[in-house]
Number of protein chains: 2
Amino acid sequence: MGNREETETRILEGVDRLIREKGFSSLGINAVARESGVSKVLIYRYFENRDGLLRTWALGKHYWNDAPGGAPSGEGVPWQERATALFEGQLDRLFGNPLLREVIRWHLSSDDPLSRDVMDRIEEKGKGLTQEFSDNLDTQEDVNAFVSLLIGGIYYLALISDKTDQFNGIPLKSDEGRTRLRDGVTRLCGLIFGEMTKKGP
Amino acid sequence: MGNREETETRILEGVDRLIREKGFSSLGINAVARESGVSKVLIYRYFENRDGLLRTWALGKHYWNDAPGGAPSGEGVPWQERATALFEGQLDRLFGNPLLREVIRWHLSSDDPLSRDVMDRIEEKGKGLTQEFSDNLDTQEDVNAFVSLLIGGIYYLALISDKTDQFNGIPLKSDEGRTRLRDGVTRLCGLIFGEMTKKGP
DNA sequence: TGACAGTGTAACCGATTGGTTACATAATGT
DNA sequence: ACATTATGTAACCAATCGGTTACACTGTCA
């Protein structure tokens with residue numbers, strides 16, 4: 001008590017907990033105040049209103065920088081391998097981060113432009129990587145379409161993994177399912193990028 | 001007035017309109033009554049409560065039977081062609097039916113078990129078709145993983161098409177984007193199912 | 001000591017929520 | 001004609017929402 005910074009972080013931690021447990025739909029000022037054990041007047045005093053609170057929460061997050069960094073990008077690495085690393089990284093990232101899934105859900109269902117800003121930051125790194133593919137690959141194929149479908153598939157399966165145990169015969173909550181998806185992605189990368197070569201001068 | 005059936009359909013039509021315009025999140029009794037121009041007491045009288053209303057709405061829908069029927073299933077049709085028809089059908093279905101997308105959004109974000117029931121009916125036909133693949137194909141590949149990723153990708157891209165114009169360089173709201181996705185799916189089906197043959201005895 | 005800024009709480013506001021009670025009116029069967 | 005049933009509306013209920021006002025306390029600087 002008597003410490004503004006501490007109170008602010010307590011509030012933001014409350015937001016964090018609330019989103020993780022109930023999602024964005026039930027994220028009201030009263031709920032945050034209750035969860036944080038803090039008078040809601042302080043929320044208005046320190047964050048102006050619900051929007052300001054959400055904005056400082058979202059923009060102060062480090063979560064969005066956990067993009068798959070394991071993608072090998074050396075000169076000699078074949079594109080198939082790079083793509084595999086990218087997709088497997090996204091798979092682990094999505095399935096391993098419940099808060100991230102909650103934010104995607106938020107973006108899919110709300111009209112709040114802030115959700116777009118946050119999504120942009122989430123996708124930032126991945127976009128740079130996929131850009132590399134379409135820039136450097138010498139192929140007639142629509143690489144962007146392939147990538148979009150695969151990334152989208154990973155997103156969707158991660159999202160419904162919170163709601164159901166199985167999708168199309170794949171157990172989404174077990175390691176077995178994760179492994180099958182991982183292998184499937186790897187196999188698809190082989191089929192798609194297997195014969196592609198670097199663009200000539 | 002004075003006609004129960006007519007009032008009931010007016011209410012259900014109001015639900016329909018409301019979901020299409022605002023989604024499930026803002027679907028309250030008061031909103032339905034306002035939208036339908038009907039006293040909310042009648043909603044309670046005829047449908048018991050919000051849950052009952054939603055249940056009769058969802059279970060009385062014909063929408064869920066518009067699954068891609070164009071999939072050729074004759075004996076001589078190659079599997080690659082069948083798969084292509086299945087996925088392209090799903091693509092058109094998802095992008096062409098806003099109400100369907102709202103229901104999927106609902107399922108992704110709510111805890112209501114009813115949403116699972118509705119999703120089961122939506123996926124029913126597709127599940128039967130994909131089951132055929134894993135049953136009849138003689139391959140070492142994890143066909144279910146491929147199918148799950150592709151179907152999921154179609155779902156996700158359709159969902160975000162309501163929120164953003166472009167994803168990964170694909171314009172989601174234009175015919176061009178639809179065509180590119182369609183071609184991408186076709187091409188992937190070629191890569192995946194191209195060499196698969198029917199299971200021998 | 002006193003003025004003053006920052007931190008905190010309780011109580012209230014109007015609007016809206018899901019849900020109910022009471023009552024008026026129209027149709028129906030005897 | 002009369003009693004009963006179905007259809008409809010207005011008014012109300014407690015609870016919750018985002019947001020505000022008023023007031024008590026604590027420290028700091030003069």
Side-chain angles (χ1 to χ4, degrees), chain A residues 1-60 102 105-106 109-115, chain B residues 1-60 102 105-106 109-115:
Chain A
M1 50 200 77
N3 187 332
R4 171 171 180 164
E5 272 192 32
E6 183 189 313
T7 306
E8 284 187 354
T9 61
R10 267 182 65 187
I11 295 173
L12 291 174
E13 283 170 1
V15 171
D16 224 274
R17 244 172 292 136
L18 222 49
I19 290 176
R20 214 181 298 266
E21 288 164 14
K22 309 249 184 181
F24 281 80
S25 57
S26 61
L27 189 79
I29 295 285
N30 293 306
V32 173
R34 218 179 300 122
E35 172 72 29
S36 314
V38 157
S39 170
K40 66 174 171 177
V41 181
L42 299 183
I43 301 180
Y44 286 102
R45 196 126 73 199
Y46 297 154
F47 302 98
E48 191 175 9
N49 50 28
R50 195 195 116 114
D51 206 73
L53 173 62
L54 226 62
R55 173 157 269 105
T56 61
W57 176 85
L59 271 49
E102 227 42 74
R105 255 184 270 276
W106 176 41
S109 297
S110 94
D111 295 324
D112 194 334
L114 177 58
S115 73
Chain B
M1 51 201 79
N3 185 333
R4 171 171 181 164
E5 272 192 32
E6 183 189 313
T7 305
E8 284 187 355
T9 61
R10 268 181 66 186
I11 295 173
L12 291 173
E13 283 169 1
V15 171
D16 225 273
R17 245 173 291 135
L18 223 49
I19 290 176
R20 213 181 299 265
E21 288 163 14
K22 310 248 183 182
F24 281 80
S25 57
S26 62
L27 189 79
I29 294 285
N30 293 307
V32 172
R34 218 179 300 122
E35 172 73 28
S36 314
V38 157
S39 171
K40 66 174 171 177
V41 180
L42 300 183
I43 301 180
Y44 285 101
R45 195 127 73 200
Y46 297 154
F47 301 98
E48 190 176 9
N49 50 28
R50 194 195 117 115
D51 206 72
L53 173 62
L54 225 62
R55 174 158 267 104
T56 61
W57 175 85
L59 271 48
E102 273 327 312
R105 254 184 271 275
W106 177 42
S109 297
S110 94
D111 294 325
D112 194 335
L114 177 58
S115 73

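Below, read A as the first sequence line, B as the second, and so on, with proteins coming before strands; counting in each chain starts at 1.
- Here the side chains of B/R4 and B/Y46 are in contact, with some heavy-atom distance below 4.5 Å.
- Annotation: side chain of B/E35 is not in contact with side chain of B/V32 (no heavy-atom distance under 4.5 Å).
- In this structure, B/F47 atom CZ and C/dG18 atom P are separated by 16 Å, rounded to whole Å.
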* How does protein contact run along nucleotides 10-18 of chain D, one letter per nucleotide 5' to 3', with B for base contact, S for sugar-phosphate only, - for none, heavy atoms under 4.0 Å? -> B------BB

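- Dashed line: the shortest gap from a side-chain N or O of B/T7 to OP1 or OP2 of D/dG8 is under 4.0 Å.
- The nearest whole Å value for the distance from the CD1 atom in B/I43 to the P atom in C/dG18 is 10 Å.
- The shortest distance between the side-chain N/O atoms of A/R4 and the OP1/OP2 oxygens of C/dG6 is not below 4.0 Å.
- In this structure, the side chains of A/L27 and A/K22 stay at 4.5 Å or more apart for every pair of heavy atoms.
- Residues A/I19 and A/W57 are in side-chain contact: their nearest non-hydrogen atoms beyond the backbone lie under 4.5 Å apart.
- Between A/N49 atom CG and D/dT20 atom P there is a gap of 8 Å when expressed in whole angstrom units.
- Between the P atom of C/dT7 and the CD atom of A/E5 lies a distance of 10 Å, rounded to the nearest Å.
- The nearest whole Å value for the distance from the CD atom in B/E8 to the P atom in D/dA6 is 13 Å.
- Taking 4.5 Å as the limit, every side-chain heavy atom of B/F47 sits out of range of all side-chain heavy atoms of B/R55.
- Spacing between atom CG of B/L42 and atom P of C/dT25 amounts to 17 Å, rounded to whole angstrom units.
- Across the protein-nucleic acid pair, B/N3 atom CG and D/dA6 atom C1' stand 11 Å apart, rounded to whole Å.
- The CG atom of B/D51 sits 19 Å away from the P atom of C/dT17 (whole-angstrom rounding).
- A/L54 has its side chain within reach of A/W106: a pair of non-hydrogen atoms, C-beta onward, lies under 4.5 Å apart.
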